[in-house]
2 protein chains.
Amino acid sequence: MLVMTDADPSPLLGTSAFRLRVVGAVVTERFAAEIAGYDLKPKHVGVLALLASAPATSQLDLARTMGVAPSLIVRIADHLERIGAVERVRDPADRRRQALRLTPRGTELLAACTRLSRSMERDLLAGLSAPDRASFRTALARVATNLDLPS
Amino acid sequence: MLVMTDADPSPLLGTSAFRLRVVGAVVTERFAAEIAGYDLKPKHVGVLALLASAPATSQLDLARTMGVAPSLIVRIADHLERIGAVERVRDPADRRRQALRLTPRGTELLAACTRLSRSMERDLLAGLSAPDRASFRTALARVATNLDLPS
DNA sequence: TCAAATCATTCACGGCGTAAATGATTCCGG
DNA sequence: CCGGAATCATTTACGCCGTGAATGATTTGA
């Protein structure tokens with residue numbers, strides 16, 4: 001007869017929900033450390049990425065898709081403008097709206113962050129076979145949609 | 001000849017490293033909202049889980065494994081003690097050390113959080129086949145070890 | 001035309017996490 | 001065995017991030 005091993009004293013640590021939390025936090029932390037040299041923080045990069053996929057987005061739209069307060073977007077835009085990554089453009093059709101537009105420097109910074117993110121991804125998935133990596137990516141995308149996230 | 005489709009205007013959003021970041025953040029946010037009724041925050045639950053798998057751990061050890069400052073553990077322990085989830089016990093062999101021990105109430109709270117985490121996991125992995133869920137779990141565990149996280 | 005809604009911005013605030021200083025205890029070299 | 005250095009917990013002060021509540025400018029619609 002098989003010996004009944006003791007139950008894991010804290011099954012919580014093994015749940016995927018928990019692991020996703022701590023993995024996400026650690027990845028963010030390392031990403032933040034690597035982009036610090038560009039005078040960027042993760043949310044700045046998020047804005048740059050959104051601007052690349054939807055040019056000239058208003059600040060309020062950015063706030064909504066990122067799930068943060070509009071006042072926070074103002075500060076992020078201020079900083080991005082200060083380092084020359086974006087410029088504010090008043091919408092001529094509705095002069096209340098401030099659209100943000102990537103500058104060449106912003107595109108450049110985004111490209112650097114993209115390379116960085118790809119490099120991190122290679123490290124994260126190291127040791128998995130190519131098909132395993134692929135199915136992990138699609139499963140993760142599914143998890144994202146289950147959370148009502150874009151894509 | 002195949003038409004060359006335009007490149008994704010921001011491939012960054014599609015990288016697994018980026019998705020892990022935002023998925024982790026959203027999961028943490030929802031987890032936090034659900035445990036708020038117990039007067040708990042995610043880090044409190046982390047301490048409870050560590051205490052379940054390694055009873056009577058010193059506060060400094062907790063700080064090290066969680067990667068936070070010892071002064072933060074003090075505040076977390078204060079709060080957990082106040083709501084009756086843990087008790088402080090001085091190590092008789094080294095009276096500088098404060099070990100934390102789960103109370104019955106702490107075990108109870110941890111069990112509730114564990115159920116919650118399992119329930120969230122079911123929602124996150126909804127729409128994946130059983131083998132897909134299994135391989136996602138093992139791949140995620142691999143990612144965790146690639147980040148030097150405990151298993 | 002004017003009141004209500006919308007957008008950007010500023011401001012003050014709360015909360016999390018850190019580093020430094022303090023005190024108690026333990027360790028160790030001479 | 002003794003005194004200085006290291007270790008652990010705690011307190012305190014500080015910075016930073018994110019929010020919500022004004023404020024002002026502009027647009028909408030009745």
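Lettering of chains follows the sequences in order, A, B, ..., and the numbering in each one begins at 1.
- A:Arg64 places its CZ atom 9 Å from the P atom of C:dA8, with the value rounded to the nearest Å.
- With D:dG20, C:dA19, D:dG18 as the candidates, the nucleotide lying closest to the side chain of B:Ser71 is C:dA19.
- Nucleotide D:dT11 holds its C1' atom 14 Å from the CG atom of B:Leu72, rounded to whole Å.
- Going from atom CG of B:Asp78 over to atom P of C:dC16 covers 13 Å, rounded to whole Å.
- Put simply, B:Arg88 has a side-chain N or O that comes within less than 4.0 Å of OP1 or OP2 on D:dT10.
- Remark: C1' of C:dA19 and CD1 of B:Ile73 are 16 Å apart, rounded to the nearest angstrom.
- Regarding A:Leu40, its CG atom lies at a distance of 16 Å from the C1' atom of D:dC17, rounded to whole Å.
- Residues A:Ala93 and A:Val68 both approach DNA chain D. Their nearest nucleotides, taken by heavy-atom distance, put A:Val68 toward the 5′ side.
- Classification of A:Glu121 and A:Arg118 as a salt-bridged pair fails, no side-chain N sitting under 4.0 Å from a carboxylate O.
- Each of A:Arg95 and A:Ala69 lies near DNA chain D, and the nucleotide nearest A:Ala69 is the one positioned closer to the 5' end.
- One can place CD1 of B:Ile76 at 14 Å from P of D:dA9, the figure rounded to the nearest angstrom.
- Counted by atom type alone, A:Thr28 and B:Arg21 present one or more donor-acceptor pairs between their side chains at under 3.5 Å.
- Checked against C:dT26, C:dT18, D:dG18, the side chain of A:Lys43 finds its nearest nucleotide in D:dG18.
- In this structure, the nucleotide among C:dT9, D:dA9, C:dC7 sitting nearest to the side chain of A:Arg97 is C:dC7.
- For B:Arg97 (side chain) and B:Asp91 (main-chain N/O), no donor-acceptor pair under 3.5 Å exists by modelled atom type.
- A donor and an acceptor atom, one from each side chain of B:Gln59 and B:Arg88, are located under 3.5 Å apart.
- Side chain of B:Asp94, nearest nucleotide from D:dG18, C:dT18, C:dT26: C:dT26.
- In this model, a side-chain donor or acceptor of B:Arg96 finds a partner on the base of D:dT7 within 3.5 Å.
- Using a 4.0 Å heavy-atom cutoff across all strands shown, A:Val74 reaches at least one base atom of the nucleic acid.
- Across the protein-nucleic acid pair, B:Arg75 atom CZ and D:dC14 atom C1' stand 11 Å apart, rounded to whole Å.
- Atom pair A:Gln98:CD and C:dT10:C1' shows a separation of 14 Å (rounding to whole Å applied).
- Looking only at distances, no side-chain donor or acceptor of B:Thr145 sits under 3.5 Å from a matching main-chain atom of B:Asp148.
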